[in-house]
Amino acid sequence: MDLLTKDLLINFLFILLPLFFVQMLYQLNYAYRFKKVKEWIFSIFPIVSIMLCMLFPVSVNDQFIWDLRRIPFILGALYGGYKLVFFLLALIIVIRYPMGGDGFYISLYTHMILAVLIAFLSSHYLKMTLKTKLLVSVSLTVFSIIISLISLNMFGYPINEDFWIPYTVINVISILITTALLEIIRNNMDVLQKIMKAEKLEIVSHLAASISHEVRNPLTVSKGFIQLSCDEKVDPAVRKGYLNTAIHELDRAADIINDYLMFAKPAFEKEEKISIYEEIQHVVNVVIPLAKMNGVQVHLSLPNEEKGFALGERKKLEQSFINILKNGIESMPNGGHLHISLGYQHHSIHIHICDEGSGMTQEQLNRLGEPYFTTKKQGTGLGMMVSFSIIQSMKGEINVTSEEGKGTCFYIKLPCQ
Ligand code: ADP
Ligand code: MG
């Protein structure tokens, strides 16, 4: 292999390396932290590739520098949109100008023509099929090489075919491979995003099933009381009592549905001072129907007065408590007692939630909070992970003790404002 081809292949490596780096960042950013992929991450690929290609070029004489910079330039521009095109153009000018020679002018207007062309194309490009995309990127590459070669002739520097044939072939192969790789990376991200969305839907639909169950109870009770009050022999005062009970039960059903909708709906994120004293009573009310259905008695012990607030997002904290309470209830399929207590100590708020359920083995306890760890047939294994991360984001602590067959206790400590 001659020196030229070797150098060009090393240049190709400078295109592949940043591409794989970007793919890795996408994965870390999205798959493991549940965050939306940031758009600027993609621009690392063309910027780093162009810099590496230009700083380690193929063959240098005092007029011209040959490298594969047009490939990251074309692809960066096609996938990154018109803002990135002009940034990349500026980058090339800044790096190329100090190197001097007539080559600078040729590079300048070849890339300027490409930039204008791609600025018009880029909005349509992402909607094209893979074949068309490959065709467009290859055509742009060949077109830009032809402009460079014609300009070289015009400047009086004819290029012999020993150079331009391998140069063109390697450019075409490189852009084909790089375009295909970019498409694969984008597809992978799409699939990942779909999987994560499906997970979210699963939690919401899981809750929906238990909520509709919970709503049935108050509805049945109120139906019973309305039927009773229909009886003409009933004393008006007693009838009023029946109707009041029916209304009360219907209110409860409405509350349960409202609470559910509050969780299902993506919440508006706002940090505020939360009264744990009120919040605990609220979440306990939400889970009481579920507890009754499972034959579980809930015991809530509150201090005489409220002594402090916690800082955080109310909806998220509610979700965190509900996940823990729900697990406690689910661990006692044959009924039992669920104890919840609240206390204040040295600038911190303590919440203890203890059940008398199945408990966990040491191995299960170690895995608690890991995504997708579940021992339930229809479990998602996401509840504890979400709860832990919410408490930690409020600078709180959560400790769990558990004994198999005896029960589990959650100790939550939140900083007091
Ligand atoms: P899921 O409830 O969908 O299974 P979680 O993340 O809420 O997912 O809980 C993960 C696992 O941790 C449960 O499947 C269960 O094995 C265990 N677990 C959590 N809380 C308790 C508890 N209070 N008692 C017994 N096991 C528990
Ligand atoms: Mg759970």
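Numbering of ligands and ligand atoms starts at 1, following listing order.
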Main-chain N/O of [Y] paired to [X] side chain as donor or acceptor, under 3.5 Å:
X    : Y    : value
E356 : H337 : yes
N294 : I329 : no
T220 : R216 : yes

message: Quick check: F42 with Y26 (ring centres under 6.0 Å apart)?
response: no
task: Output all residues satisfying side-chain hydrogen bond (donor to acceptor under 3.5 Å, both in side chains) with Q281, sequence neighbours left out; order by chain, then residue number.
output: none
message: Going by the rule ring-ring contact (aromatic ring centres under 6.0 Å, His included), which residues pair with F309 if we only count those two or more places apart in sequence or in a different chain?
response: none
- request: Provide the closest heavy-atom pair for P72 versus I15 in the form atom of the first, atom of the second, distance.
  value: CD-CD1, 3.8 Å
Close N/O pairs between ligand 1 and protein, under 3.5 Å:
unit_1, atom_1, unit_2, atom_2, d
ligand 1, 2 (O), N327, OD1, 3.0
ligand 1, 2 (O), K376, NZ, 2.8
ligand 1, 3 (O), T380, N, 2.7
ligand 1, 3 (O), T380, OG1, 3.4
ligand 1, 3 (O), G381, N, 3.1
ligand 1, 4 (O), T374, OG1, 2.5
ligand 1, 6 (O), G383, N, 3.3
ligand 1, 6 (O), M384, N, 2.8
ligand 1, 7 (O), N327, OD1, 3.1
ligand 1, 7 (O), N327, ND2, 2.8
ligand 1, 8 (O), G381, N, 3.3
ligand 1, 14 (O), T374, OG1, 3.3
ligand 1, 14 (O), T375, N, 2.9
ligand 1, 14 (O), T375, OG1, 3.3
ligand 1, 16 (O), T375, OG1, 2.4
ligand 1, 20 (N), N327, ND2, 3.4
ligand 1, 23 (N), D355, OD2, 2.8
ligand 1, 24 (N), T408, OG1, 3.3

- line: Ignoring waters, protein N/O/S atoms under 2.8 Å from the Mg ion (ligand 2) are N327 OD1
Polar contact flag, side-chain donor to acceptor under 3.5 angstrom, S144-R70: yes
task: State whether a side-chain donor-acceptor pair under 3.5 Å links N187 with E183.
output: no
